Amino acid sequence: MDSADLGSPPSPVSQSIGSAAKSSKPVVPRVLWEKAHASRTDRLIEWCRTHEAKRKKLFSDSTQDAREEGRSKQQLRHGKNHIYVEMAKAIFLHDETDEFHSLAAMNPGVFASSIRSRLDVLKTKYRKQNALLGQTGAGCTYEDLLSNDKTKNILAAITKDFPWWADLHGWWRTNPAYNNTFSAADIGQD
């Protein structure tokens, strides 16, 4: 017997999948990323860790960073949606929700807007946490902040509240599109 036979309504995701089968328009599911669903953000961050070149493309690799690291700048050949589809597979094919797992296998592209939104939320939260460090601290490396008596307690509070901050800081700390607290003139000053 299915859920309709039992008198209980189908889940919103089940309705989305059923609707997608009836129409040609993909249905965008509502994705929760916080608290009980934080493992989705963990998988998003893990994907970014293990796909460095695509991460750099996604977060706009800078010419200056590439030059300083002695490499060529990573550029997008295709739109970011191709990257979001890859991320969706990594995040949702292993999801605890069977319906998301099925939807990711059938049409991972429906998760692109959810992933884009999640990255926007992470950027907002990252900026909020950086404000606690001030201009000088926001531009320092995680290791430097951890070894500094003035910032290590702030850093502990930040990472307790926002566990993905250290990874994001490693990728975004010198990128003004993500870190608007940082001032390049402040590096190395106390």
Side-chain angles (χ1 to χ4, degrees), residues 10-21 25-62 65 69 74-130 132 138 141-143 145-146 155-175 177-179:
S11 74
V13 176
S14 295
Q15 289 174 334
S16 296
I17 293 171
S19 298
K25 287 175 38 177
V27 176
V28 180
R30 182 167 188 263
V31 178
L32 302 175
W33 297 89
E34 301 286 331
K35 298 179 183 170
H37 304 286
S39 62
R40 292 176 181 150
T41 302
D42 292 339
R43 289 190 297 271
L44 183 152
I45 296 294
E46 182 59 31
W47 186 93
C48 289
R49 266 191 223 122
T50 59
H51 294 84
E52 182 178 356
K54 290 179 182 173
R55 180 192 73 231
K56 287 179 179 179
K57 291 175 188 179
L58 186 64
F59 301 139
S60 300
D61 191 24
S62 79
D65 287 347
E69 294 171 15
Q74 302 292 320
Q75 295 181 347
L76 279 174
R77 289 193 182 134
H78 305 288
K80 290 182 180 182
N81 274 345
H82 290 295
I83 294 175
Y84 295 141
V85 168
E86 283 188 42
M87 294 172 86
K89 290 175 187 176
I91 296 165
F92 297 105
L93 281 176
H94 306 286
D95 199 78
E96 55 276 0
T97 306
D98 290 337
E99 289 126 335
F100 278 12
H101 174 88
S102 298
L103 192 55
M106 292 186 316
N107 188 0
V110 301
F111 292 102
S113 63
S114 297
I115 292 169
R116 188 178 319 106
S117 293
R118 182 58 179 161
L119 289 170
D120 287 343
V121 168
L122 290 172
K123 179 167 93 170
T124 299
K125 290 183 176 192
Y126 172 75
R127 286 176 167 181
K128 180 182 175 186
Q129 299 300 330
N130 282 355
L132 299 172
T141 65
Y142 177 76
E143 293 76 17
L145 292 168
L146 201 54
L155 191 60
I158 287 172
T159 55
K160 181 181 179 202
D161 184 48
F162 188 51
W164 308 287
W165 184 88
D167 285 306
L168 297 173
H169 193 63
W171 306 327
W172 293 348
R173 74 181 178 87
T174 60
N175 186 336
Y178 293 90
N179 187 355

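Position 1 is the first residue of the sequence; numbering continues from there. Note that the coordinates shown come from a computational prediction; the quantities given were computed from them, not determined experimentally. Keep in mind that the numbers below use all heavy atoms, side chains included, and drop hydrogens, waters and symmetry copies.
Lys128 is not listed as a side-chain neighbour of Phe162, based on a closest heavy-atom distance of 4.5 Å or more. Between Ile83 and Ile115 there is no side-chain heavy-atom pair separated by less than 4.5 Å. Two residues are said to be in side-chain contact when any heavy atoms from C-beta on lie closer than 4.5 Å; Glu52 and Trp171 fail this criterion. In this structure, Lys125 and Trp165 have side chains that are not in contact, with every pair of non-hydrogen atoms separated by 4.5 Å or more. Taking 4.5 Å as the limit, every side-chain heavy atom of Val31 sits out of range of all side-chain heavy atoms of Ile91.
We find the OH-NZ distance between Tyr84 and Lys54 to be 14.0 Å, quoted to the nearest 0.5 Å. Going from atom CD of Glu99 over to atom NE2 of His101 covers 11.5 Å, rounded to the nearest 0.5 Å. Separation of atoms CG (Leu58) and NE2 (His51) is listed at 12.0 Å; rounding is to 0.5 Å. Once rounded to the nearest 0.5 Å, the distance linking OG1 of Thr97 with CG of Leu103 reads 11.0 Å. Between Ile158 atom CD1 and His169 atom NE2 the span is 8.5 Å, to the nearest 0.5 Å. Expressed to the nearest 0.5 Å, how far OG1 of Thr41 lies from CG of Leu119 amounts to 9.0 Å.
For Tyr126 and Tyr178, the ring centers are positioned 6.0 Å apart or more. Ring-centre distance between Tyr142 and Trp172: not below the 6.0 Å cut-off.
Met87 and Cys48 make their closest contact through CE-SG, 3.9 Å (heavy atoms, listed as atom of the first residue, atom of the second, distance). Taking each heavy atom of His94 and Ala90 in turn, the nearest pair found is CD2-O, 3.5 Å. Considering every non-hydrogen atom in both Ala156 and Thr159, the closest pair reads O-OG1, 3.3 Å. For the pair Val85 and Pro108, the tightest heavy-atom approach, listed with the atom from each and the gap, is CG1-CG, 3.8 Å. Contact between Ala88 and Phe111 at its shortest, heavy atoms only, is CB-CB, 3.8 Å. Closest non-hydrogen pair, Asn81 versus Ala112, comes out as OD1-CB, 3.7 Å.
With respect to the salt-bridge test (charged N to carboxylate O, under 4.0 angstrom), the residues Arg118 and Glu34 qualify. Between Glu46 and Arg43, no side-chain nitrogen of the basic residue sits less than 4.0 Å from a carboxylate oxygen of the acidic one, so the salt-bridge criterion is not met.
Of the residues listed (Trp47, Trp33, Trp164), the one engaging Asp42 in a side-chain hydrogen bond (donor to acceptor under 3.5 Å, both in side chains) is Trp164, and it is the only one.
Side-chain atoms of Asn175 come within 3.5 Å of backbone atoms of Phe59 as a donor-acceptor pair (strictly under, hydrogens ignored). Under a 3.5 Å cut-off, the side chain of Asn179 and the backbone N or O of Ala138 do form a donor-acceptor pair.
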**Item:** Verdict with reasoning, Arg40 to Leu32, per side-chain contact (heavy atoms from CB on, under 4.5 Å)
**Value:** CA-CA 8 Å; Arg40 292 176 181 150; Leu32 302 175; 4.1 Å; yes
